[in-house]
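In what follows, a single structure is set out as structure tokens and then discussed.
FYI, the numbering just counts along the sequence from 1.
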Amino acid sequence: MEENKSNNKDACKEVNEPQQSYGMGADEKDIHFFSSFEEMEEDNYKWLASLTPEQHLANATAFIKRIFAEELKKNPNLGNTLTID
């Protein structure tokens, strides 16, 4: 019975939060307050424009892996081949 408790504790340590909200850059510890949604969107677009193509690709790959995590666990070879119709 004690083994089940330890397994449940390990399972509860996983947190599903957006990865992109942490560690975005030099000012990651700063909190920004915006006076409008337009100002917030403009700041987000400036941040996206500052990313390198490699960072965009890494973010997209991580996003896809999070979305399809269950399918990838069931079939780890899923998505390893490319077919053109």
Q) When you check the gap from the basic side-chain N to the acidic O, do Glu42 and Lys46 get nearer than 4.0 Å? A) yes
Q.
Leu48: which residues meet the side chain to side chain contact (heavy atoms under 4.5 Å, CB included) condition with it, sequence neighbours left out?
A. Asn44, Tyr45, Leu51, His56
Q: For atom CZ of Phe68, decide whether the heavy atoms of other residues, nucleotides or ligands shown that lie under 6.0 angstrom number more than 12.
A: no
Q) Run the side chain to side chain contact (heavy atoms under 4.5 Å, CB included) check on Phe63 and Asn59 step by step: do they pass? A) CA-CA 6 Å; Phe63 184 64; Asn59 289 345; over 6 Å; no
(Q) Checking Phe33 now: which residues fulfil side chain to side chain contact (heavy atoms under 4.5 Å, CB included) with it, not counting sequence neighbours? (A) Ile31
Q | Ile67 to Glu71 - nearest heavy-atom pair and separation | A | O-OE1, 4.3 Å
